[in-house]
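A short worksheet on the structure shown next.
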Number of protein chains: 4
Amino acid sequence: MDFDLQGVIPPLATPLDADGEIDRASLESLIAFQLDAGVDGVFLGGSTGEVALLDARRQREVLDIARDAVDGAVPLLAGAIDTGTARVIDLARQAVIAGADAVVVTTPFYVKPNDTEIAEHFRRVAAAVDIPVIAYDIVSNAQSRITPDVVCELAESNTIAALKDSSGDLVTFREITRRLPDFPALTGSELLADVSLDLGAKGLVPGLGNIDPHGYVRLYRAARAGDRQVARAEQERLLDLFRIISVADRSRVGFTAGALGGFKAALALRNIIKNPATNPPLSPLTDAETTRIAEILAEAGLL
Amino acid sequence: MDFDLQGVIPPLATPLDADGEIDRASLESLIAFQLDAGVDGVFLGGSTGEVALLDARRQREVLDIARDAVDGAVPLLAGAIDTGTARVIDLARQAVIAGADAVVVTTPFYVKPNDTEIAEHFRRVAAAVDIPVIAYDIVSNAQSRITPDVVCELAESNTIAALKDSSGDLVTFREITRRLPDFPALTGSELLADVSLDLGAKGLVPGLGNIDPHGYVRLYRAARAGDRQVARAEQERLLDLFRIISVADRSRVGFTAGALGGFKAALALRNIIKNPATNPPLSPLTDAETTRIAEILAEAGLL
Amino acid sequence: MDFDLQGVIPPLATPLDADGEIDRASLESLIAFQLDAGVDGVFLGGSTGEVALLDARRQREVLDIARDAVDGAVPLLAGAIDTGTARVIDLARQAVIAGADAVVVTTPFYVKPNDTEIAEHFRRVAAAVDIPVIAYDIVSNAQSRITPDVVCELAESNTIAALKDSSGDLVTFREITRRLPDFPALTGSELLADVSLDLGAKGLVPGLGNIDPHGYVRLYRAARAGDRQVARAEQERLLDLFRIISVADRSRVGFTAGALGGFKAALALRNIIKNPATNPPLSPLTDAETTRIAEILAEAGLL
Amino acid sequence: MDFDLQGVIPPLATPLDADGEIDRASLESLIAFQLDAGVDGVFLGGSTGEVALLDARRQREVLDIARDAVDGAVPLLAGAIDTGTARVIDLARQAVIAGADAVVVTTPFYVKPNDTEIAEHFRRVAAAVDIPVIAYDIVSNAQSRITPDVVCELAESNTIAALKDSSGDLVTFREITRRLPDFPALTGSELLADVSLDLGAKGLVPGLGNIDPHGYVRLYRAARAGDRQVARAEQERLLDLFRIISVADRSRVGFTAGALGGFKAALALRNIIKNPATNPPLSPLTDAETTRIAEILAEAGLL
């Protein structure tokens, strides 16, 4: 690996056009916006990118567009997220062909693996591709944790090159950064980014970074420079901004629809993408909800 | 739909050779064994078929082999099981091309849909293919329930042609059979098959039917004929046989590895398939565990 | 134990007056109504009796009233439900003093016991009182299951005299009745009472029996007489009646408030108790909800 | 309230003698040890004090001993932890009589309250006693969360005087400290005490403070003085020490037995209490496990 996995690496949304196809212009616009903000990498085809709702063709198209748009400016990470090892290897190989610099891989799901089987999964994926594999702990979606013991085993054997921790569990995150002080443990937390950096995170992978990458870049750089006051102030501003994921009425839409719909509505309101639609079967936001998101953006100085 | 979705329709295992490829001869042998036992349909690419651990190529290969082996003798059901609508539609269309008579579809998973989004998922899949869609409620793997209200809405609008209920919840199953007395509600339960038929199930989709289809066929026919004594006796014998899924040491292997490994070990011991291996990353059973499975088979008069 | 633990043994509601004190007249009325319906026992201070919301004084008062009202006509079961062994022994001894014929005891909760500790809990409670102990498996409230292995160990050592199974898991219930064919395994299920009797249940402990003991008595007697048609018809009628627990708006009240509030509203509407109030902090039902309950009662021929 | 709820307030273990009675000398010794270390309060009858496994008599005895041993030196907090409002009021009044300065109260459990009912619970308890009520969010034991909205409502109405947050959720903890900057939000976390103070915690309630109060006092004072280096170093030492709760073999004992047994074994090894026994039905530790705990204490410089 001839690049560092650190800094701010937002998991990008996947803009769609009115037909549900990838909106190339919007994706290029989003990537340009991110690079302009100074991000250290971009992550396509992650949970925020609605990877689980894309078919293989569009997933590949996202990577093709992203590779050209990024053009080597920063590392390009690609999600290879599926239920089991063989499916993930297929996606990972497709990502290699598309020019990704690393693949991001969750535990198997649907099939209820134990720790041994989770470790074996990562070993087989890593053996199948010659780009780095990043382990992605997102128990709320992928059902199983990647325990600190498994992370350490995989890191020490160079099976995985980094961890994206979206477990929400700072206790295990702290255990990992203590046991592996030089390992790139990245946090997926939008709300505890400053704290995670304090605890040894090497980088941030915040979904909210789609909407305000400048904020996370300032937060990260301030933290690295030891200026905790500035980092804290940015984090607090971002806490308020994160309310956009809670605007949608949960008696009407599911959690993912509300969160990713909120992100995309904000991106559209900021004119970074054209169309706020998410993939079926997620329910769309209402006009009133979108108006509320505009208010939150305005309060955060982003509109 | 010019066939009835009822009777015994086992979800078949997917035999693998030493290289992890589909073992055509073993799959043909398994299907012949099933047809010979008098099953009313076969279900390929379900949870028991390790669908989540197959790549698209092998999943297609399974269907191609099965179509030729079944040769129209009974309906061929194909799993189209993935995280979201677009991926499922891809799999469902592949199943149509391969000659499946119906597709079996779970809720979306990983993306945490609500009821509205689950219903929309089934409507879109049904609109995309012209073979019947069977809703598959397996909350332990697919995370969400399909509620009775959603089942009724989808059944009454002819969106779904049947339900495979592997929820383990007889209360909601009973509610569904009462509200939809003519709808093909099938149960995935190995252990409460007799009870489910009493409560209005139109058929059985038991993983254990791989190993002893004759038993489930006898159970089903006896229940249909009103001979509850015989049905009960068969069910009780099958309860004992089901211990094969609990042989593997759970401190060593995950749940799925133990259950599906147990099924495949039994099939190999009965000489129905050649190789008991499951897909990576599932851990294999030990020799001692296989010996114990042989004992259980012998006790059940199957060896 | 000089009585049989079998038949219909409803877990009685605890009627309160306007001050939240035990309403003696209403409790006497409820017990008379039950005895008149032909129940085989009554269970005071169970989950349906709001035991977790009563203080020790009122819990004792309930038993004193019940003992006099029952007057030896049928066995009197008393809940001894609390977080740990010492607290449960206190309650159990109080029940002995009050004249209970048996105590009903859940697993410890709050303290996350394992199976060994659960078994030890029952052994210590049983050693502390000289009336029979009935194990009560209600995982939804008491957090832990009582596994079939633990039930068998406790039954075979005569530690427990019966099981009340409110786990909702017919698979383990069936395992228990097969392993212990003569053991009084009772079901707490309102909706699968007929099925549970088919599977070997020796009795019924249905909360809905408060409102319609005659129905459960008919169901039970028909099942015992081998008249499955009649049992089924009664069960189906009771399925419809059970809708009273789902009337309350769950965006306004918690599950227990809706369920127990529904029971008490129905009892008040039937003039069996005077006041439908539940204990604080449970939210009361609205007038509109009570009207809806009246409609359901009328449809069931109970008003 | 004429005292500040801040600083280090360990939730004390309840030492038992060989007969399971309260070991007065050991409890006095433990309290003297704590006061000598400079703690700012002591909390008796909490989860760490095995409150759920004590009967009312011993619970009262603990408070009587503690009141005399503390003798006004620091505030004395008493747990009033039970399933419902009436039972909690009984315990809270007993605590008042025993001389407690505040009571610590969880959500109701067993009865599945919603947010409205949880708030009502705290209002009723607060109205029943004239000492401050501290809300205790420990979802892993008490089943329900106390949401930030409920905390704010109860704090702003002066219903609760403080929060002990053992939810493990720093996101909601941060939300609470931001919305209520002057409110005494205390953390129950042993492992993220430094981080919690950074995020606005006013104090620490760590079970591990039984064994090493000096460490938490140093950590707290360093954090208050703005010396983050020292606070971090203490926290890291305490992270290692916390391994004592994971020594017990979880295939043999439950979680609580292992954790509280580990604490008590360490206290006995340090000669602060005499007997490491926990209450039935918790399983005791083995000699080998105790030896391992001694090693961890030695590594931490505590033996």
Side-chain angles (χ1 to χ4, degrees), chain A residues 114-115 139-140 145 147-149 165-181 187-201 206-208 219 223 226-243 245-246 250-251 255 259 299, chain D residues 114-115 139-140 145 147-149 165-181 187-201 206-208 219 223 226-243 245-246 250-251 255 259 299:
Chain A
N114 70 357
D115 287 356
V139 61
S140 60
R145 288 297 309 272
T147 64
D149 283 349
D165 178 11
S166 294
S167 69
D169 183 344
L170 275 187
V171 167
T172 51
F173 187 73
R174 182 172 218 166
E175 180 180 344
I176 290 165
T177 58
R178 286 188 80 214
R179 289 171 64 177
L180 300 170
T187 182
S189 175
E190 276 93 356
L191 304 177
L192 297 167
D194 58 343
V195 169
S196 300
L197 291 168
D198 265 359
L199 292 178
L208 187 61
L219 189 168
D227 191 344
R228 303 183 72 254
Q229 297 285 82
V230 169
R232 170 69 67 99
E234 280 296 339
Q235 179 67 81
E236 302 225 337
R237 199 178 53 78
L238 291 161
L239 291 178
D240 290 329
L241 181 59
F242 199 61
R243 288 173 298 157
I245 78 154
S246 307
R250 287 297 306 286
S251 71
F255 172 80
E299 289 168 27
Chain D
N114 71 357
D115 286 357
V139 61
S140 60
R145 288 297 308 271
T147 65
D149 282 351
D165 178 10
S166 294
S167 70
D169 184 345
L170 275 187
V171 167
T172 50
F173 187 73
R174 182 172 217 167
E175 180 179 344
I176 290 165
T177 58
R178 287 189 79 215
R179 289 171 64 176
L180 301 170
T187 182
S189 175
E190 277 93 356
L191 305 178
L192 297 167
D194 57 343
V195 169
S196 300
L197 291 169
D198 266 359
L199 293 178
L208 187 62
L219 190 167
D227 190 343
R228 303 183 70 255
Q229 297 284 82
V230 169
R232 171 68 67 98
E234 281 296 339
Q235 179 66 82
E236 302 225 337
R237 199 178 53 79
L238 291 161
L239 292 178
D240 290 330
L241 181 60
F242 199 60
R243 288 173 297 156
I245 78 154
S246 307
R250 287 297 306 285
S251 71
F255 173 79
E299 289 168 27

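Per chain, numbering begins at 1; letters A, B, ... match sequence-line order. Computed from heavy atoms alone, side chains included, the values below leave out hydrogens, waters and symmetry copies.
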*Side-chain donor or acceptor of D/R243 paired with backbone N/O of D/D240 under 3.5 Å*: yes

*Name the region of A/Q235, side chain, backbone, both or neither, that has any atom closer than 4.5 Å to a heavy atom of chain D.*
side chain

*Under 4.5 Å from any heavy atom of chain A - which part of D/D194*: side chain

*Between D/E175 and D/R178, does a salt bridge (Lys or Arg N to Asp or Glu O under 4.0 Å) hold up when you go through it step by step?*
CA-CA 5 Å; D/E175 180 179 344; D/R178 287 189 79 215; over 6 Å; no

_Ion pair D/D149/D/R179, N-O distance below 4.0 Å_ = yes

_Is D/V171 in contact with chain A via its backbone, its side chain, both, or neither, using a 4.5 Å heavy-atom distance?_
both

*Sort D/E236 into side chain, backbone, both or neither according to what part of it lies under 4.5 angstrom from a heavy atom of chain A.*
both

_Check this for me, if you would: do A/D198 and A/R228 make a salt bridge, where the nitrogen-to-carboxylate-oxygen distance has to be below 4.0 angstrom?_
yes

